[in-house]
Amino acid sequence: MDKKDGGSGALRPQDNCGHSTSGIVVAHRRIKRVQHRSYPDNQKSSSTTLTKLLHTMSTTPIPTRGSGDLSQMYGDDWSNKEVFLQATGLHKDSDHSNPRHVLIYWVNAALSGGIEVWDITQLEMHGHWHQYHYPNALKVNTRERSRNQTISLGIFTSEQREQLLELAADVEYDQITTESRGWMRNLLAKMVEEKLITHRLFNTIRENVPLPSA
């Protein structure tokens, strides 16, 4: 793994200082990943389609690219993939002064030396403020699975992963007061509404991490 934020558990190579000056951020639905996904020759997105998307959404705030993002080199594809939720550490912790960091990921590529490229969805901490980044594909050591609590969210199609990211971009948060568990709780609740995960799994995660109440 390139670097791990010791305070928040956020997976990232370095801080991104280009944060918004607005106290409240509404991360709206972002442009679909047509420019980052690896397309078969007969499914390539045309520049016309992308231009239409850009024009349609030109006034919508879009999450910033994660520092060190590798999605252009190791992008997502059209296969079905297992999607995981990861919480910092192996055990439930009731220490409210040091809450566990929570993220969602799936694997875009397996490299040599036990390194994988994870497509990561998280509210990332940068000192005293938070930001949702997209795209955000990072190199991670596979040992992170044994060091942290990992819960399977199931097998997702490429369309379902796309839907997950659209929901993440729509989660409202305050850059100063919202931390990763609260943001993740709201994302998972949206995923329940869209039937991407079951309500039973949501309750299991909420209890085992734990996630704060709404």
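Quick caveat: nothing in here was measured; it's all calculated off a predicted structure. The residues of the chain are indexed from 1 along the displayed sequence.
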Evaluate the side-chain proximity of [Y] to [X]: yes if any heavy-atom separation is below 4.5 Å, no if none is.
{"X": "Thr64", "Y": "His133", "answer": "yes"}
{"X": "Ile151", "Y": "Thr204", "answer": "no"}
{"X": "Glu166", "Y": "Glu194", "answer": "no"}

When the ring planes of Trp118 and Tyr105 are compared, do they come out parallel, tilted or perpendicular, using 30° and 60° as the limits?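 Answer is parallel, since the angle falls under 30°.
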What residue among Gln122, Glu179, Arg181, Glu124 forms side-chain hydrogen bond (donor to acceptor under 3.5 Å, both in side chains) with His101?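 Exactly one option meets the side-chain hydrogen bond (donor to acceptor under 3.5 Å, both in side chains) with His101, and it is Gln122.
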Measuring from atom [atom1] of [X] to atom [atom2] of [Y], what distance do you get when rounded to the nearest 0.5 angstrom?
{"X": "Ile104", "Y": "Phe84", "atom1": "CD1", "atom2": "CZ", "result": "12.0 Å"}
{"X": "Gln131", "Y": "Leu123", "atom1": "CD", "atom2": "CG", "result": "8.0 Å"}
{"X": "Leu153", "Y": "Thr198", "atom1": "CG", "atom2": "OG1", "result": "10.0 Å"}
{"X": "Leu103", "Y": "Thr88", "atom1": "CG", "atom2": "OG1", "result": "7.0 Å"}
{"X": "Ile205", "Y": "Leu85", "atom1": "CD1", "atom2": "CG", "result": "5.0 Å"}
{"X": "Asp119", "Y": "Asp77", "atom1": "CG", "atom2": "CG", "result": "10.0 Å"}

Going only through I, L, V, M, F, W and Y residues with side-chain contacts under 4.5 Å, is there a path from Ile197 to Ile155?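 Looking at the clustering, Ile155 is in a separate group from Ile197.
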Minimum heavy-atom distance between [X] and [Y], given as atom pair plus value:
{"X": "Val171", "Y": "Asn186", "value": "CG1-CB, 4.0 Å"}
{"X": "Arg65", "Y": "Pro135", "value": "NH1-CG, 3.4 Å"}
{"X": "Ser180", "Y": "Val102", "value": "OG-N, 3.2 Å"}
{"X": "Gly89", "Y": "Arg100", "value": "O-NH2, 2.8 Å"}
{"X": "Asp69", "Y": "Leu138", "value": "N-CD2, 4.3 Å"}
{"X": "Arg145", "Y": "Val107", "value": "NH2-CG2, 3.5 Å"}

Val83 vs Leu196, test: side chain to side chain contact (heavy atoms under 4.5 Å, CB included). Steps then yes/no. CA-CA 11 Å; Val83 176; Leu196 292 178; over 6 Å; no
Taking 4.0 angstrom as the limit, do Lys81 and Asp76 come out as a salt bridge? yes
State plainly whether the residues Lys190 and Glu193 are in salt-bridge range, i.e. N to O under 4.0 Å.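 Glu193 and Lys190: not salt-bridged.
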Is there any salt bridge (charged side-chain N to carboxylate O under 4.0 Å, His left out) pair reaching into residues 196-214, and which pairs are they, with sequence neighbours excluded?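 Found Lys92-Glu207.
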Side chain to side chain donor-acceptor pair (under 3.5 Å) partners for Asn208, two or more places apart: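 Testing Asn208 for side chain to side chain donor-acceptor pair (under 3.5 Å), a comparison that skips the adjacent residues, returns none.
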So, the side chain of [X] versus the backbone of [Y]: is there a donor-acceptor pair under 3.5 Å, distance only?
{"X": "Arg161", "Y": "Phe156", "result": "yes"}
{"X": "Asn108", "Y": "Tyr74", "result": "yes"}
{"X": "His130", "Y": "Thr178", "result": "yes"}
{"X": "Ser71", "Y": "Ala137", "result": "no"}

Side-chain donor-acceptor contact under 3.5 Å, Glu144 with Gln86: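 No, no side-chain donor-acceptor contact under 3.5 Å.
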If you apply the rule side chain to side chain contact (heavy atoms under 4.5 Å, CB included), what do you find for Trp106 with Glu116, and how did you get there? CA-CA 10 Å; Trp106 57 85; Glu116 294 178 334; over 6 Å; no
